[in-house]
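In what follows, chains are A, B, ... by sequence order, proteins preceding strands, each numbered from 1.
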2 protein chains.
Amino acid sequence: MQSRPARTGWTGWGVLGMKVDGVAYRTIWVGKDGWSVEVIDQTRLPHAFETVRLATMEATAHAIRTMQVRGAPLIGATAAYGIALAMRADPSDAALDGAYHMLLATRPTAINLRWALDQMRQHLRLLAPNDRAQAAYERAAAICDEDVAINRAIGENGLGLFRVKTERLGGKRPLRILTHCNAGWLATVDWGTALAPIYLAHDSGVKVHVWVDETRPRNQGASLTAWELGRHGVPHTVIVDNAGGHLMQHNLVDLCIVGTDRVTANGDVCNKIGTYLKALAAADNRVPFYVALPGPTVDWRIGDGVKEIPIEEREAREITHMTGRTADGRIETVDIAAPGSSAANYAFDVTPARLVTALITERGVAPANREGLLGLYPEQRPAAVG
Amino acid sequence: MQSRPARTGWTGWGVLGMKVDGVAYRTIWVGKDGWSVEVIDQTRLPHAFETVRLATMEATAHAIRTMQVRGAPLIGATAAYGIALAMRADPSDAALDGAYHMLLATRPTAINLRWALDQMRQHLRLLAPNDRAQAAYERAAAICDEDVAINRAIGENGLGLFRVKTERLGGKRPLRILTHCNAGWLATVDWGTALAPIYLAHDSGVKVHVWVDETRPRNQGASLTAWELGRHGVPHTVIVDNAGGHLMQHNLVDLCIVGTDRVTANGDVCNKIGTYLKALAAADNRVPFYVALPGPTVDWRIGDGVKEIPIEEREAREITHMTGRTADGRIETVDIAAPGSSAANYAFDVTPARLVTALITERGVAPANREGLLGLYPEQRPAAVG
């Protein structure tokens with residue numbers, strides 16, 4: 001089991017990874033006691049960097065539900081450790097099933113949650129109860145390590161696309177990249193999905209500038225993506241979610257890249273609300289629109305994303321209230337809406353595959369359609385009848 | 001010269017107009033002293049309803065620049081009264097030209113500003129200096145009255161379209177209308193442009209429900225449109241700017257209607273940043289996208305809106321900071337962005353005419369193209385050579 005600094009043993013990317021105040025962090029790790037789980041409290045960013053200790057399965061479910069942890073890959077990793085904590089308390093079949101269902105109900109849209117829980121349950125069911133706790137911690141750690149390796153590979157595959165585009169620009173100016181929400185280090189165990197190629201480009205001397213959509217209502221762009229890009233020294237500018245179309249019309253965006261919470265077998269992309277609007281603008285202005293995803297984000301069971309992916313609705317208060325720092329350093333929450341007006345808060349939307357230029361995965365780059373995905377993941381191809 | 005209650009003498013719409021605490025208001029009126037100009041301080045809404053007395057031309061310029069007044073028609077009306085205040089202080093040609101240029105420089109995008117200033121200067125130049133002050137007040141009052149009459153007519157023309165759509169729905173549910181920014185009572189002298197048909201529909205028993213885009217960064221939707229719809233009792237729900245595409249994909253929007261700051265002779269529509277993204281989603285989902293405008297909003301001098309309309313850039317603080325009410329009723333401004341991250345703030349974008357279903361004006365409804373506009377405003381047709 002790993003302990004802080006969480007990146008001990010990982011040498012694939014040297015020491016240039018995500019550091020906070022000089023300490024290298026993953027977004028989730030096992031504490032010094034060897035069994036509790038620690039995460040960065042993302043609801044406190046960018047105003048404070050605080051970690052939270054999770055000592056029960058219920059605490060991990062709460063952390064996912066309240067978005068102390070968020071981002072499809074990190075939700076999956078946290079749920080995996082939730083199962084481990086449950087097994088430590090009670091390794092029975094009933095406890096395993098109970099934990100599975102409680103964790104699965106925390107967030108409806110991200111498919112990695114179900115993927116990680118299925119991985120854990122299938123693995124543990126075959127074991128005697130007394131062996132389950134240790135096996136669960138090991139499997140959860142493996143899911144985390146696998147996420148890190150996947151994201152590194154996504155970064156390299158995305159970097160290849162960035163290099164082609166940069167060469168066409170002739171190095172005259174930075175590559176201008178627009179991203180929506182946070183698909184960075186903080187959304188994963190490490191490196192990020194959409195931001196992985198950006199970090200790799202920046203570290204290898206490819207000049208980039210990132211337009212960061214603020215990403216209402218929870219402002220993951222302004223508060224998380226801008227924060228992590230800033231900590232790493234990547235040039236960036238925050239814009240409102242309304243601005244991307246204007247920037248693309250005026251040739252100020254070379255490419256868009258986003259993460260995703262679920263991709264259907266047909267290549268439809270479910271991601272943070274507003275992604276679809278940016279993809280429409282990209283198509284209208286012939287700007288490439290890339291989606292970065294790890295294999296576990298594909299939901300092979302469904303085809304039509306608009307019809308089949310459940311879209312989480314969250315509380316109106318996320319829209320009507322905003323938390324920030326006052327000039328004298330206090331953290332205050334203010335109501336910004338007209339008194340008495342209600343709000344509706346849909347958390348995700350679906351970008352049809354026809355608007356996606358390509359999918360960038362750990363296995364390579366493919367068109368956003370069934371054949372493209374099956375080309376990368378041939379093990380998912382239905383066995384030929386014959 | 002009019003005094004509060006500002007709607008004295010207006011009988012066209014009975015007493016059902018915009019009231020605040022039981023008093024009927026226009027958004028701009030001449031004070032009881034007979035010469036100073038009073039406006040509602042829109043930077044204080046929705047948290048406080050306060051009026052501001054403007055006693056100099058410089059004060060009107062300041063009110064426009066700081067968006068105490070905003071909305072293309074109201075900016076024009078305020079600038080007209082700015083000229084009147086300038087003439088009261090000094091009716092010379094030099095003062096007239098100075099006021100013209102100072103007021104014209106306050107906001108670059110809304111064409112009504114130039115239109116109102118041209119109206120005033122052309123009218124006053126022909127008069128002896130001693131006659132200019134009174135004539136300026138009279139002309140400014142006429143511009144205001146004309147705006148009210150125009151908006152009423154826009155309301156009736158838009159209502160015709162709403163009725164057709166409502167009949168197709170068979171009255172089974174309210175007509176679901178999406179609007180962006182504030183093109184209501186507060187953006188004009190009275191009634192509004194995009195909201196005029198909504199008020200008229202509501203008042204005449206056509207059931208409507210309005211999706212109100214919050215409209216970042218200045219939140220004119222959540223703070224002004226929601227406020228004025230709420231005061232008038234029109235059912236509405238605030239959504240983030242990211243949500244419109246999802247709603248349209250799921251058949252939750254029957255039509256979109258927005259105002260505009262400038263329409264080109266070709267029918268391209270400049271409006272609040274983000275309008276273009278909603279128009280793309282409307283086109284992609286076959287939802288009608290209407291633009292409501294008074295005749296003075298057409299800029300007959302230009303054709304290509306994306307290339308030719310100057311887009312105002314405002315300060316980053318409008319994005320990084322947010323003002324609202326704390327739970328205990330204080331008004332606080334909080335910084336919501338990652339420390340050290342900069343922001344870029346483009347205030348408007350241009351929706352190409354091809355995405356606009358129709359233009360709704362005081363003279364009727366027309367396709368968004370040169371022939372459509374010239375059909376409504378034949379006096380703008382270049383004289384035939386022959």
Side-chain angles (χ1 to χ4, degrees), chain A residues 45-46 211-212 214-217 219 222-224 226-227 229-230 236-247 249-250 272-274 276-278 280-281 284 306 311 316 319-327 331-346 348-350, chain B residues 45-46 211-212 214-217 219 222-224 226-227 229-230 236-247 249-250 272-274 276-278 280-281 284 306 311 316 319-327 331-346 348-350:
Chain A
L45 287 172
W211 295 111
V212 179
E214 96 177 315
T215 317
R216 291 280 292 144
N219 296 18
S223 63
L224 303 181
W227 183 82
L229 290 174
H236 65 281
T237 302
V238 176
I239 50 173
V240 293
D241 302 301
N242 283 323
H246 172 76
L247 294 176
Q249 280 180 319
H250 289 270
K272 184 60 50 194
I273 190 88
Y276 167 50
L277 295 172
K278 296 313 156 55
L280 284 167
D284 201 44
V306 174
I311 300 297
I319 294 176
T320 57
H321 288 67
M322 194 79 93
T323 298
R325 297 180 307 280
T326 62
I331 301 297
E332 287 268 13
T333 297
V334 294
D335 185 346
I336 57 173
S341 291
S342 68
N345 185 5
Y346 301 89
F348 302 93
D349 65 20
V350 172
Chain B
L45 287 171
W211 295 111
V212 178
E214 101 179 307
T215 318
R216 289 280 293 146
N219 296 17
S223 63
L224 303 180
W227 183 81
L229 289 173
H236 65 280
T237 302
V238 175
I239 51 173
V240 293
D241 303 300
N242 282 324
H246 172 76
L247 294 176
Q249 280 180 319
H250 289 269
K272 184 60 50 195
I273 191 87
Y276 167 50
L277 295 171
K278 298 310 156 55
L280 284 166
D284 201 45
V306 174
I311 300 296
I319 293 176
T320 56
H321 287 68
M322 194 81 93
T323 298
R325 296 180 307 280
T326 63
I331 302 297
E332 288 268 14
T333 297
V334 294
D335 185 347
I336 57 172
S341 292
S342 67
N345 185 4
Y346 301 89
F348 302 92
D349 66 18
V350 172

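- For the options B:Ile319, B:Thr320, B:Val306, B:Asp284, heavy-atom pairs under 4.5 Å to chain A are most numerous at B:Asp284.
- For the pair B:Ala344 and A:Thr237, the tightest heavy-atom approach, listed with the atom from each and the gap, is N-CG2, 3.4 Å.
- Contact record, B:Pro46 with A:Ala337: CG-O, 3.7 Å, taken as the closest heavy-atom pair.
- Taking B:Ala338, B:Pro217, B:Gly230 one by one and counting their heavy-atom pairs under 4.5 Å with chain A, the maximum is reached by B:Ala338.
- The part of B:Thr333 that comes within reach of chain A is its backbone (N, CA, C, O), which places non-hydrogen atoms under 4.5 angstrom from that chain.
- Heavy-atom distances place no part of B:Leu224 under 4.5 Å from chain A, backbone and side chain included.
- Options B:Asp349, B:Val240, B:Ile311 differ in how many heavy-atom pairs under 4.5 Å they form with chain A, and the most are formed by B:Val240.
- Taking CG from A:Leu277 and NZ from B:Lys278, the interatomic distance works out to 6.0 Å, rounded to the nearest 0.5 Å.
- In this structure, CZ in B:Arg216 is found 12.5 Å from CD1 in B:Ile273, a value given to the nearest 0.5 Å.
- Contacts of B:Leu247 with chain A are made by side-chain atoms alone, with heavy-atom separations under 4.5 Å and no backbone atom involved.
- The line from OG1 of B:Thr215 to CD1 of B:Ile239 is 9.0 Å long, rounded to the nearest 0.5 Å.
- Of the listed residues (A:His321, A:Met322, A:Glu214, A:Arg325), the one with the most heavy-atom contacts under 4.5 Å to chain B is A:Arg325.
- B:Asn345 does not touch chain A: none of its heavy atoms, backbone or side chain, sits under 4.5 Å away.
- In this structure, the portions of B:Glu332 lying under 4.5 Å from any heavy atom of chain A include both its backbone and its side chain.
- Only the side chain of B:His250 comes within less than 4.5 Å of a heavy atom in chain A; its backbone stays farther off.
- The CG atom of B:Asp335 lies 12.5 Å from the OG1 atom of A:Thr323; values are rounded to the nearest 0.5 Å.
- No side-chain donor from either of B:Asn242 and A:Tyr276 sits under 3.5 Å from a side-chain acceptor of the other.
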